[in-house]
Amino acid sequence: MESTLPPNKSTGFPFRAIMGVFKLRIGVVITFTALAGLSVSAGPSLSLAQLIILTLAVLVSSASAGAFNQYYEHDIDPLMSRTSKRPFATGEIKHGPIWLLIIFGLMALSVAAAWLALNAWAAMFTFLGAFFYAIVYTVWLKRRTWLNIVFGGLAGSWAVLAGATAADPQVGAVPLALAFVLFLWTPPHFWSLAIAFREDYAAAGVPMLPVVVGDKRAAQTIFASTLALVAASFLPLAFGLGAIYFAGAAVGGALFIQKAWRLMRNTNRETAMTCFHASLAQLTLVLTAAIIDARF
Ligand code: HEM
Ligand SMILES: CC(C)=CCC/C(C)=C/CC/C(C)=C/COP(=O)(O)OP(=O)(O)O
């Protein structure tokens, strides 16, 4: 799972490790989420330059938050198998204040670019996404309560609204509904992975749901929250999305529910990871269907 790769041997400069710090694969999906919010927004089309700036602003904001997360968690990442190879955890990249300058500089740049090229609302949600992930989730809640992901999950909702407000600061019902879907999607997405790596989180003293209530109760909670998520994923139909969106939400929802059911019936690392990947497939189907439906 971990995207951190050994430094490029030929130059010695840890280019790949530095890229690994920014969690860019996740940033790409976060950016896709913002573009889905833009697509379902009623506002006027953006110019190509504005579209590029929105894309880069959300990507850089997400990446800076991801880098802050790895910087801040350099103490617990070595304690977990999944994260122990990360550059701050291994010392491949020196954990020092220069990184805070880089991180906050990139964050400020992304928010300023969104503000200047788009509007204050898009800039605010671009900032809020990173703030909720880096501060609300990573610093405030992650090591304190199993509710960490419930509130931290708003980070994804802010990504939807960053895109939607770029075109129309008066957020419409469909972008709001999609932001609500992201809010409900994030907990089962993450709790599935947390079951697979429960021992890691227990060793690191992080109170993820499975550590607090056990795998079985966590799997039951995942199943119940997936049902709620899938029900909510049909909300955009009430505000104008059509058959294409329905198809995406139905196929994605059925897949996620089936894997969450399987996880609840047979709770182990393999069914947990399958459910985690089903969450990503469901989100991709819902967002892609929303983009296509809104365009035709
Ligand atoms: C605070 C909210 C969230 C938390 C705590 C969370 C948690 C995680 C974790 C722990 C991983 C595994 C990372 C790794 O091992 O490298 C992951 C992977 C992933 N997450 Fe989430 N997630 C959150 C929100 C989101 C959102 C909003 C999206 C997309 C809209 C998303 C998309 C992904 C993707 C695409 C991956 C796979 C990345 C890869 O293959 O390297 N996550 N998530
Ligand atoms: C608009 C905008 C910029 C939104 C940002 C949204 C965002 C970056 C959400 C967090 C995604 C994520 C994979 C968190 C993992 O945290 P973790 O610390 O639990 O993962 P780890 O254990 O792998 O470090």
Side-chain angles (χ1 to χ4, degrees), residues 1-5 19-37 54-74 76-77 79-86 88-89 106-107 110-111 114 122-143 147-166 178-179 181-197 200-201 204 206 208-209 273 276-277 279-284 286-287:
M1 170 66 77
E2 187 41 51
S3 50
T4 307
L5 299 161
M19 284 298 105
V21 163
F22 290 107
K23 297 188 182 181
L24 290 176
R25 281 206 303 242
I26 295 171
V28 166
V29 183
I30 300 285
T31 305
F32 183 61
T33 303
L35 294 176
L54 170 67
T55 302
L56 292 177
V58 173
L59 185 63
V60 170
S61 178
S62 175
S64 62
F68 177 81
N69 172 275
Q70 293 201 27
Y71 178 89
Y72 185 83
E73 296 189 335
H74 75 288
I76 58 170
D77 277 347
L79 308 177
M80 298 191 283
S81 60
R82 180 175 58 82
T83 58
S84 59
K85 304 280 183 306
R86 289 179 170 173
F88 286 123
L106 287 172
M107 166 63 58
S110 64
V111 173
M124 180 188 75
F125 286 117
T126 300
F127 169 75
L128 277 180
F131 178 78
F132 264 68
Y133 172 39
I135 307 301
V136 173
Y137 171 74
T138 302
V139 174
W140 181 28
L141 296 177
K142 181 170 178 177
R143 304 188 198 196
L147 288 165
N148 46 27
I149 186 60
V150 175
F151 298 103
L154 276 167
S157 303
W158 306 142
V160 174
L161 297 181
T165 52
L178 209 50
V181 170
L182 261 292
F183 173 68
L184 292 181
W185 171 83
T186 308
H189 156 71
F190 181 47
W191 285 334
S192 305
L193 188 98
I195 288 181
F197 291 96
D200 268 3
Y201 285 113
V206 178
M208 291 305 174
L209 184 67
M273 284 311 293
F276 171 72
H277 290 120
S279 77
L280 296 174
Q282 187 253 355
L283 182 71
T284 306
V286 164
L287 295 179

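Every number for a ligand or one of its atoms is a count from 1 in the order of the listing.
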Interfacing atoms of ligand 2 (cut-off 4.0 Å, heavy-atom, G129):
1 (C), 2 (C), 4 (C), 5 (C)
Under 3.5 Å between some N or O of ligand 2 and some N or O of R82?
yes
In terms of atom number and element, which parts of ligand 2 are under 4.0 angstrom from non-hydrogen atoms of E73?
18 (O), 24 (O)
For A155, atoms of ligand 2 separated by under 4.0 Å from a heavy atom
4 (C), 6 (C)
Taking 4.0 angstrom as the limit and counting only heavy atoms of I26, give me the atoms of ligand 2 inside it, by number and element.
11 (C), 13 (C)
Examine ligand 2 and decide if any of its atoms is less than 4.0 Å from a heavy atom belonging to Q70.
no
Which is it for F183 and ligand 1 at heavy atoms under 4.0 Å: side chain, backbone, both or neither?
neither
Counting heavy atoms only, which part of N148 comes closer than 4.0 Å to ligand 1: side chain, backbone, both or neither?
neither
From the options F132, W158, Y133, select the one whose nearest heavy atom is closest to atom 14 (C) of ligand 2.
Y133
Provide the number and element of each atom of ligand 2 under 4.0 Å from a heavy atom of A159.
1 (C)
Using heavy atoms and a threshold below 4.0 Å, how should the contact between R82 and ligand 1 be classified: side chain, backbone, both, or neither?
side chain
How does H277 reach ligand 1, if at all, at less than 4.0 Å between non-hydrogen atoms: by side chain, backbone, both, or neither?
neither
Using a plain distance cutoff, I'd like to know if T138 has any nitrogen or oxygen under 3.5 Å from a nitrogen or oxygen of ligand 2.
no
How does W185 reach ligand 1, by side chain, by backbone, by both or by neither, if only non-hydrogen atoms under 4.0 Å count?
side chain
Closest to atom 40 (O) of ligand 1 (judged by heavy-atom distance), picking from H189, R25, M80
R25
Rounded to the nearest 0.5 Å, the OG1 atom of T138 sits from the OH atom of Y72 at a distance of 8.5 Å
Within a strict 4.5 Å, meaning less than it, do heavy atoms of the Q282 and H189 side chains meet?
no
Does ligand 1 come near enough to Y201 that some N or O of the ligand is less than 3.5 Å from an N or O of the residue?
no
Can you tell me which portion of T83 lies within the under-4.0 Å heavy-atom range of ligand 1? Options are side chain, backbone, both, or neither.
neither
